[in-house]
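Below is one structure, written out as structure tokens; comments come after it.
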Amino acid sequence: MEFNATVMLVEDDVTLADLAKEMLGMFDIEVLIAESMETAIDIYNERSNDVRLVIFDMNLEKTTGIEVFEALKEIDGDFISILASGMITDMDIKKYKDIGFQEIIKKPYSFKNLKEIISSYLDQ
């Protein structure tokens, strides 16, 4: 299964970012990694026409994935948004979906889980 798509991963954990990039690369997905809000905004300003999906880590070193999500939405809201967190409850899931995230995934994500979620959105 190949998607020939571009995904931006907002993640400050280099190990997780590299792992996700390797996993998604198996599906012919280009992964742009942003380790901060500033980098995410720069990448999105340059590549918003290419980026179809953005995965946001909930807790970044200097900000949250929610704040980065809101900043990118102000630029152009035409992307699929996924929030990733290691600690999330069912109540949190409803709250974050109400904010505008299409999907919430638990970290660390497995290859199978990541594949299913990406497939459901990029296969449309």
Side-chain angles (χ1 to χ4, degrees):
M1 181 179 307
E2 290 188 2
F3 298 107
N4 194 21
T6 301
V7 168
M8 181 163 58
L9 177 62
V10 182
E11 172 65 70
D12 59 357
D13 182 319
V14 177
T15 304
L16 274 177
D18 288 344
L19 180 63
K21 186 173 187 170
E22 188 176 318
M23 282 192 245
L24 294 173
M26 294 179 194
F27 303 112
D28 197 25
I29 293 175
E30 177 186 13
V31 179
L32 308 172
I33 297 174
E35 68 284 341
S36 67
M37 181 183 300
E38 295 78 17
T39 307
I41 290 170
D42 288 346
I43 290 171
Y44 197 70
N45 278 328
E46 290 176 21
R47 303 282 307 272
S48 63
N49 290 338
D50 301 324
V51 175
R52 293 180 50 200
L53 186 146
V54 182
I55 301 171
F56 299 88
D57 179 23
M58 169 69 95
N59 296 306
L60 301 166
E61 188 174 321
K62 296 180 181 176
T63 189
T64 68
I66 296 163
E67 291 171 320
V68 179
F69 165 76
E70 290 169 346
L72 295 186
K73 282 286 192 185
E74 285 183 23
I75 297 168
D76 169 17
D78 191 25
F79 59 86
I80 298 157
S81 56
I82 298 174
L83 182 64
S85 175
M87 300 178 293
I88 204 150
T89 67
D90 289 341
M91 287 179 66
D92 291 334
I93 291 172
K94 180 182 179 346
K95 177 174 76 174
Y96 297 131
K97 285 196 172 192
D98 287 346
I99 290 171
F101 289 95
Q102 278 92 349
E103 198 71 47
I104 317 303
I105 59 173
K106 292 188 179 190
K107 288 172 59 177
Y109 19 79
S110 69
F111 179 76
K112 181 181 182 233
N113 190 9
L114 198 56
K115 178 184 171 194
E116 286 173 2
I117 290 170
I118 299 292
S119 298
S120 69
Y121 290 100
L122 295 184
D123 213 14
Q124 300 173 2

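Computed from a predicted structure; not experimentally measured. Atom set for the values below is all heavy atoms of this structure, side chains included, hydrogens, waters and symmetry mates excluded.
- Between V51 and L72 there is no side-chain heavy-atom pair separated by less than 4.5 Å.
- With sequence neighbours excluded, the residues that form a side chain to side chain donor-acceptor pair (under 3.5 Å) with D50 are R47.
- Scored by the ring-ring contact (aromatic ring centres under 6.0 Å, His included) test, Y96 finds no partners at all (sequence neighbours excluded).
- Considering all non-hydrogen atoms of both residues, I43 and I33 come closest at CD1-O, 3.5 Å.
- Scanning for side chain to side chain donor-acceptor pair (under 3.5 Å) contacts around T15 gives an empty result, with sequence neighbours left out.
- Remark: Y44 engages F79 in a ring-ring contact (aromatic ring centres under 6.0 Å, His included) (not counting sequence neighbours).
- Here E22 pairs with nothing under the side chain to side chain contact (heavy atoms under 4.5 Å, CB included) rule; sequence neighbours left out.
- A chain of hydrophobic side-chain contacts below 4.5 Å, direct or via other Ile, Leu, Val, Met, Phe, Trp or Tyr residues, connects I80 to I105.
- Atoms CD and CG, from E30 and N4 in turn, are 9.5 Å apart once rounded to the nearest 0.5 Å.
- When all heavy atoms are compared, the tightest approach of L9 to A17 is CD2-CA, 3.7 Å.
- Considering only heavy atoms from C-beta on, I118 comes within 4.5 Å of I55 through its side chain.
- Heavy atoms only, all atoms of each residue included: M26 and F111 are closest at SD-CE1, 3.6 Å.
- The cluster map of Ile, Leu, Val, Met, Phe, Trp and Tyr, joined by side-chain heavy atoms under 4.5 Å apart, puts I82 and V54 in different clusters.
- Linking Ile, Leu, Val, Met, Phe, Trp and Tyr whenever their side-chain heavy atoms come within less than 4.5 Å puts V7 and I117 in one cluster.
- Connection of M58 to L16 is not established within any shared hydrophobic cluster, with ILVMFWY side chains joined at heavy-atom distances below 4.5 Å, either directly or through further cluster members.
- Taking L19 as the reference, M23 meet the side chain to side chain contact (heavy atoms under 4.5 Å, CB included) condition, with sequence neighbours excluded.
- Here the straight-line distance linking atom OG1 of T89 with atom NZ of K95 works out to 7.5 Å at 0.5 Å rounding.
- Nearest heavy atoms, L60 versus G65: CD1-N, 4.3 Å.
- Put simply, I41 and F56 are part of the same group of oily side chains (I, L, V, M, F, W, Y) that touch within less than 4.5 Å, one to the next.
- Smallest separation of non-hydrogen atoms from R52 and A5: NH1-CB, 3.7 Å.
- For the atom pair E46 CD and L32 CG, the distance stands at 9.5 Å (nearest 0.5 Å).
- Note on residues 78-88: pairs passing side-chain hydrogen bond (donor to acceptor under 3.5 Å, both in side chains), not counting sequence neighbours, are S81-Q102.
- In this structure, OG1 on T6 lies 9.5 Å from CG on D28, to the nearest 0.5 angstrom.
- Pairs engaging residues 60-71 under the salt bridge (charged side-chain N to carboxylate O under 4.0 Å, His left out) rule: none recorded [sequence neighbours left out].
- For the pairing with M37, the side chain to side chain contact (heavy atoms under 4.5 Å, CB included) check across D42, V10, V68, T64 returns one residue only, V68.
- With sequence neighbours left out, N59 forms a side chain to side chain contact (heavy atoms under 4.5 Å, CB included) with no residue at all.
- The minimum heavy-atom distance linking K73 with G77 is given by the pair NZ-O, 3.2 Å.
- Evaluation of the side chain to side chain donor-acceptor pair (under 3.5 Å) rule for K21 yields no partner, not counting sequence neighbours.
- Among residue pairs with one or both ends in residues 98-114, those qualifying as salt bridge (charged side-chain N to carboxylate O under 4.0 Å, His left out) are E11-K107, D57-K107, K94-D98, K112-E116; sequence neighbours excluded.
- Distance check, rounded to the nearest 0.5 Å: CD1 of I99 to CD1 of I104 gives 8.5 Å.
- The side chain to side chain contact (heavy atoms under 4.5 Å, CB included) search around S36 returns E38, T39, not counting sequence neighbours.
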